[in-house]
Chemist: 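Following this message is one structure expressed as structure tokens.
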Amino acid sequence: PRAGGRGGYDFATQFSMPIEEFFNTYLPQFTGMLDHYWGRNGIHLHSEYLGVSVLILMGAAFGATMRRGFRAFWVGVAVVTALWAIGNGTPFYHVVYALVPGSKFFRAPSPMIYLVSFSFSIFAALGVERLIALQITRRFVIGWAIAASVLLLLGVSGGLTSMAETIAGIQRADIAEANAGALALGSARSFLVAAATLGILFALLSGRLRPQTSAWMIVALMAIDLWSIERLYWQFSP
């Protein structure tokens, strides 16, 4: 039924990824999970959550002289695919629609977030390399600690809920308001993961942990962190 590219550009971009949903990469409850979703797409049966521990390691990949060309390539991939996922949120998708074969047949640019997350995984791997080489500074750890604390305060105080209600608009503000409790708990969960990750990094920089031990501890933490959210999306039906 889609062989003719029905509906034109509006059809092809119907399920673009709203820009505000990038915040879900850190705090998956921001736009509401599953039935609590208040976002602009109406339905949301997936998660953009990339993992707090992953994001912290990703940040550690930058500021180094090693692998500059390799890192620059994946920065390019991340930027292009993020713009692709946003779809009609920027003019960039007009280029995709005009040049990429098959674009008119599909109505969801948002799954391109997969390649964004793949790029972030590459950055996280580079961050682990810097961790093992003891190239992460205390300033980096302190900066992340401040950022995580600010996001926690905004989450539990209702600041993020107010922001969500503004973005949701009049029609879906009640859903965003009903998501306030989950958002507050999610803020605390993300903060705890950040605190645990930063605690490992601080212990490493203080000489209390060996680099290899720290790396394995972060791998274990990362697995628990991602599983705690992804398990909610494994739904089965007859």
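Computed from a prediction, not measured in an experiment: that's the story for all the values here.
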Chemist: Is it the case that the side chain of Ser110 and the backbone of Phe15 share a donor-acceptor pair, with hydrogens and angles ignored and the cut-off at 3.5 Å?
Modeler: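 The answer is yes, because a donor-acceptor pair under 3.5 Å joins these two groups.
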Chemist: Looking at Glu21 and Arg40, is any side-chain nitrogen of the basic one under 4.0 Å from a carboxylate oxygen of the acidic one?
Modeler: no
Chemist: For residues Met112 and Met17, determine if any side-chain heavy atom of one lies less than 4.5 Å from a side-chain heavy atom of the other.
Modeler: no
Chemist: When hydrophobic residues are tied together by side-chain contacts of less than 4.5 Å, even through go-betweens, does Tyr114 share a cluster with Leu226?
Modeler: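 Yes, same cluster.
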Chemist: Rounded at 0.5 Å granularity, tell me how far CD1 in Ile113 sits from CG in Leu50.
Modeler: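 It comes to 6.0 Å.
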Chemist: Do Leu185 and Leu232 sit in the same hydrophobic cluster, where Ile, Leu, Val, Met, Phe, Trp and Tyr count as joined when their side-chain heavy atoms come under 4.5 Å apart?
Modeler: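 Not linked; separate clusters.
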Chemist: Taking Met163 as the starting point, is it possible to reach Leu152 by hopping between hydrophobic residues whose side chains are less than 4.5 Å apart?
Modeler: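 Leu152 does not cluster with Met163.
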Chemist: Would Leu34 end up clustered with Ile43 when hydrophobic side chains under 4.5 Å apart are linked, directly or stepwise?
Modeler: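 Result: no, two separate clusters.
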Chemist: Kindly state each residue pair satisfying salt bridge (charged side-chain N to carboxylate O under 4.0 Å, His left out) with at least one member in residues 223-235, sequence neighbours excluded.
Modeler: Arg189-Asp225
Chemist: Check whether Thr81 reaches the backbone of Trp84 with its side chain - one donor and one acceptor, N or O, closer than 3.5 Å.
Modeler: no
Chemist: Is there a side-chain contact between Leu221 and Met217 (heavy atoms, below 4.5 Å)?
Modeler: no
Chemist: Of all the heavy-atom pairs spanning Ile229 and Pro28, show the shortest one and how long it is.
Modeler: CD1-CG, 3.7 Å
Chemist: So does Thr13 get a backbone contact from the side chain of Ser16, meaning a donor-acceptor N/O pair under 3.5 Å?
Modeler: yes
Chemist: Tell me the closest heavy-atom pair linking Val77 and Ser119, and the distance in Å.
Modeler: CG1-OG, 3.3 Å
Chemist: Evaluate the ring planes of His44 and Tyr37, with Trp represented by its six-membered ring, and classify them as parallel (under 30°), tilted (30 to 60°) or perpendicular (over 60°).
Modeler: parallel
Chemist: Does any part of the side chain of Phe120, heavy atoms only, come nearer than 4.5 Å to the side chain of Leu55, both counted from C-beta?
Modeler: yes
Chemist: Report yes if the side chains of Trp38 and Glu177 come closer than 4.5 Å at any heavy-atom pair, otherwise no.
Modeler: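 Sidechains of Glu177 and Trp38: no contact.
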Chemist: I need the Phe92 CZ to Tyr97 OH distance, nearest 0.5 Å.
Modeler: 16.0 Å
Chemist: Would you please test Ile122 and Phe70 for side chain to side chain contact (heavy atoms under 4.5 Å, CB included) and show each step?
Modeler: CA-CA 10 Å; Ile122 297 293; Phe70 181 76; 3.6 Å; yes
Chemist: Could you see if Val96 belongs to whatever hydrophobic cluster contains Val79? Use Ile, Leu, Val, Met, Phe, Trp, Tyr and a side-chain cutoff under 4.5 Å.
Modeler: yes
Chemist: Between the main-chain N or O of Gln29 and the side-chain N or O of Asn179, is there a donor-acceptor pair closer than 3.5 Å?
Modeler: yes
Chemist: Are the side chains of Ile56 and Phe140 in contact, using a 4.5 Å heavy-atom criterion?
Modeler: yes
Chemist: Is the CD atom of Gln171 crowded by more than 12 outside heavy atoms at less than 6.0 Å?
Modeler: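 No, the 6.0 Å shell around CD holds no more than 12 heavy atoms from other groups.
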Chemist: Is it the case that over 12 heavy atoms from other parts of the model lie below 6.0 angstrom from the CG atom of Leu99?
Modeler: yes
Chemist: So, do Met222 and Leu57 sit near enough that their side-chain heavy atoms are less than 4.5 Å apart?
Modeler: yes
Chemist: If I take atom CD from residue Glu20 and atom CZ from residue Phe30, how far apart are they, to the nearest 0.5 angstrom?
Modeler: 7.0 Å
Chemist: Kindly compute the distance separating CG (Leu209) from CD1 (Ile218), expressed to the nearest 0.5 Å.
Modeler: 9.5 Å
Chemist: Tell me the closest heavy-atom pair linking Ala108 and Pro111, and the distance in Å.
Modeler: O-CD, 2.8 Å
Chemist: Could you check whether any side-chain heavy atom of His94 comes within less than 4.5 Å of a side-chain heavy atom of Tyr9, counting everything from C-beta outward?
Modeler: yes
Chemist: Got a second to check how far Leu27's CG is from Glu48's CD, nearest 0.5 Å?
Modeler: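 With rounding to 0.5 Å, CG (Leu27) is 11.5 Å from CD (Glu48).
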Chemist: Determine, using ring centers only, whether Tyr49 and Tyr26 are less than 6.0 Å apart.
Modeler: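 Centroid separation for Tyr26 and Tyr49: 6.0 Å or greater.
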Chemist: If you compare all heavy atoms of Leu160 against all heavy atoms of Ser187, which two are closest, and at what distance to 0.1 Å?
Modeler: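 For Leu160 versus Ser187, the nearest heavy atoms are CD1-OG, 4.1 Å.
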Chemist: Is Ser214 reaching over with its side chain to a backbone N or O of Arg210, donor-acceptor style, under 3.5 angstrom?
Modeler: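 Answer holds: yes.
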Chemist: Kindly indicate whether the side chain of Phe191, heavy atoms from C-beta on, has any atom under 4.5 Å from the side chain of Val52.
Modeler: no
Chemist: Okay, side chain of Thr166, backbone of Ser162: is any donor-acceptor separation there less than 3.5 Å?
Modeler: yes
Chemist: Nearest 0.5 Å, what's the CD1-CG distance between Ile136 and Leu134?
Modeler: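 Here the rounded value is 8.5 Å.
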Chemist: If you look at every heavy atom in Val116 and Ala82, which pair is closest and at what distance?
Modeler: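 Scanning both residues, the minimum pair turns out to be CG2-N, 3.4 Å.
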Chemist: Could you go through residues 192-207 and list every donor-acceptor pair under 3.5 Å that involves a side-chain atom there, pairing it with any protein atom two or more places apart or in another chain?
Modeler:
residue	atom	partner	partner atom	Å
Thr197	OG1	Val193	O	2.9
Ser206	OG	Phe202	O	2.8

Chemist: Would you sort out whether Val75 and Phe62 count as a side chain to side chain contact (heavy atoms under 4.5 Å, CB included), showing the intermediate values?
Modeler: CA-CA 10 Å; Val75 168; Phe62 297 89; 3.8 Å; yes
Chemist: Taking all non-hydrogen atoms of both residues, which atom of Ser149 and which atom of Ala145 are closest, and how far apart?
Modeler: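 For Ser149 and Ala145, the tightest heavy-atom pair comes out as OG-O, 2.8 Å.
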Chemist: Does this structure show an ion pair linking Glu165 with Arg172, if we count only N-O contacts that are shorter than 4.0 Å?
Modeler: no
Chemist: I'd like to know whether His36 forms a side chain to side chain contact (heavy atoms under 4.5 Å, CB included) with Ile175, so could you lay out the CA-CA distance, the side-chain angles of the two residues, the decisive distance to 0.1 Å, and finally the verdict.
Modeler: CA-CA 7 Å; His36 298 286; Ile175 304 177; 5.6 Å; no
Chemist: Could you check whether the rings of Trp234 and Phe236 sit parallel, tilted or perpendicular, using 30° and 60° as the cut-offs?
Modeler: parallel
Chemist: For the rings on Phe118 and Trp74, is their centre-to-centre separation under 6.0 Å?
Modeler: yes
Chemist: Given 3.5 Å as the limit, does a donor-acceptor pair link the side chain of Arg130 with the main chain of Gln135, or not?
Modeler: yes
